[in-house]
Student: 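Here it is, the structure in full.
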Amino acid sequence: MCARPQVLGLDVDPETRCRHYHSENDRIAIRFYCCGNYFSCYECHEAAGCNNPSVWPKEQFREKVILCGACGTELSIREYLDCASACPHCAAAFNPGCSLHKHLYFEV
């Protein structure tokens, strides 16, 4: 079994919640295109000091860059965008409000 990727951020819990987003359904982390590191959210990424934020281009939406904090499954961007706010592997609910921030992570 592969080890779960390290998730960076402020006050990250075992399901990837952070200081900024910590409701019951806040349980995904995103690998950022610019630095290749997983972070709990864009605010944690910004706090880490990445000076070159960029989004995943549409032609790379098959890349596995979303981590389910409940089961540790890595999802492709396409799987995540199509999942109706629940992990397709373990059915854990994701925060539907995350869609308000997708332009910060993915080309829209």
Side-chain angles (χ1 to χ4, degrees):
M1 182 187 330
C2 295
R4 183 182 267 207
Q6 179 184 15
V7 176
L8 305 173
L10 302 173
D11 304 324
V12 178
D13 79 3
E15 287 198 0
T16 75
R17 294 175 193 93
C18 66
R19 180 183 299 171
H20 308 106
Y21 296 95
H22 45 81
S23 77
E24 174 63 25
N25 292 341
D26 289 317
R27 62 169 52 94
I28 65 156
I30 300 162
R31 183 164 52 94
F32 277 73
Y33 182 70
C34 46
C35 63
N37 294 316
Y38 271 100
F39 283 90
S40 290
C41 73
Y42 69 94
E43 291 182 69
C44 286
H45 179 251
E46 186 176 290
C50 179
N51 294 321
N52 188 28
S54 55
V55 298
W56 285 95
K58 287 182 180 180
E59 59 270 6
Q60 293 190 24
F61 277 18
R62 293 191 186 277
E63 292 289 322
K64 294 192 179 282
V65 305
I66 306 296
L67 179 69
C68 173
C71 70
T73 297
E74 290 182 278
L75 307 173
S76 72
I77 297 166
R78 180 55 42 216
E79 288 172 314
Y80 173 69
L81 293 174
D82 293 343
C83 76
S85 299
C87 178
H89 182 73
C90 73
F94 297 152
N95 186 338
C98 291
S99 66
L100 298 173
H101 304 138
K102 66 183 174 186
H103 66 283
L104 299 171
Y105 308 110
F106 318 122
E107 184 180 353
V108 290

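Everything numeric here is computed off the predicted structure, so don't read it as measured data.
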Student: Minimum heavy-atom separation for Ser76 to Phe61, with atom names?
Tutor: CB-O, 3.7 Å

Student: Does some side-chain heavy atom of Val55 sit less than 4.5 Å from a side-chain heavy atom of His103?
Tutor: no

Student: Considering all heavy atoms of both residues, which atom of Ala93 and which atom of Arg27 are nearest to each other, and what is their separation?
Tutor: O-NH1, 2.7 Å

Student: Between Phe39 and Tyr42, is there shared hydrophobic-cluster membership here, with clusters defined by ILVMFWY side-chain heavy atoms closer than 4.5 Å?
Tutor: yes

Student: Looking at every heavy atom in both Ser23 and Arg17, which two are closest together, and how far apart are they?
Tutor: O-NE, 2.9 Å

Student: Quick check on Gln60: does its CD atom have over 12 non-hydrogen neighbours (other residues, nucleotides or ligands) under 6.0 Å away?
Tutor: yes

Student: Between Arg31 and Trp56, which heavy-atom pair has the shortest distance, and what is it?
Tutor: O-NE1, 2.8 Å

Student: When you measure from the side chain of Arg62 to the backbone of Arg78, do you find a donor-acceptor pair of N or O atoms at a distance under 3.5 Å?
Tutor: no

Student: So, Glu74 and Tyr38: side-chain donor and acceptor under 3.5 Å apart, yes or no?
Tutor: yes

Student: To check you understand the geometry: which heavy-atom pair defines the closest contact between His89 and Cys71, and what is its length?
Tutor: CD2-SG, 3.6 Å

Student: Looking at SG of Cys98 and CD1 of Ile30, how far apart are the two atoms once the value is rounded to the nearest 0.5 Å?
Tutor: 7.0 Å

Student: Given side chains that start at C-beta, do those of Pro53 and His45 come closer than 4.5 Å, heavy atoms only?
Tutor: yes

Student: CG/Asn52 to SG/Cys35 distance, rounded to the nearest 0.5 angstrom?
Tutor: 9.5 Å

Student: I would like to know whether His20 and Leu10 meet side-chain contact (heavy atoms from CB on, under 4.5 Å); could you show each step before the answer?
Tutor: CA-CA 8 Å; His20 308 106; Leu10 302 173; 3.7 Å; yes

Student: Check the orientation of Tyr80 and Phe94. Use parallel for under 30°, tilted for 30 to 60°, and perpendicular for over 60°.
Tutor: tilted

Student: Count I, L, V, M, F, W, Y as connected when their side-chain heavy atoms are under 4.5 Å apart, and connections chain through other members. Are Tyr21 and Ile66 then in the same cluster?
Tutor: yes

Student: Could you check if a side-chain atom of Asp13 sits within less than 4.5 angstrom of a side-chain atom of His22, using non-hydrogen atoms only?
Tutor: no

Student: Ignoring hydrogens and geometry, is there a side-chain-to-backbone donor-acceptor pair from Ser40 to Thr16 under 3.5 Å?
Tutor: yes

Student: Counting distance only, does the side-chain N/O of Arg4 pair as donor-acceptor with the main-chain N or O of Gly69 below 3.5 Å?
Tutor: yes

Student: With a 4.5 Å heavy-atom cut-off, do Leu81 and Ile77 have their side chains touching?
Tutor: yes

Student: Run the ring pair (Phe, Tyr, Trp, His ring centres under 6.0 Å) test on Phe32 and Tyr105 for me, step by step, so that the C-alpha distance in whole Å, both residues' side-chain angles and the decisive distance to 0.1 Å come before the verdict.
Tutor: CA-CA 7 Å; Phe32 277 73; Tyr105 308 110; 5.5 Å; yes

Student: Hydrophobic clusters here meaning ILVMFWY residues chained together by side-chain heavy-atom distances under 4.5 Å, can you tell me if Phe106 and Leu75 are in one?
Tutor: yes

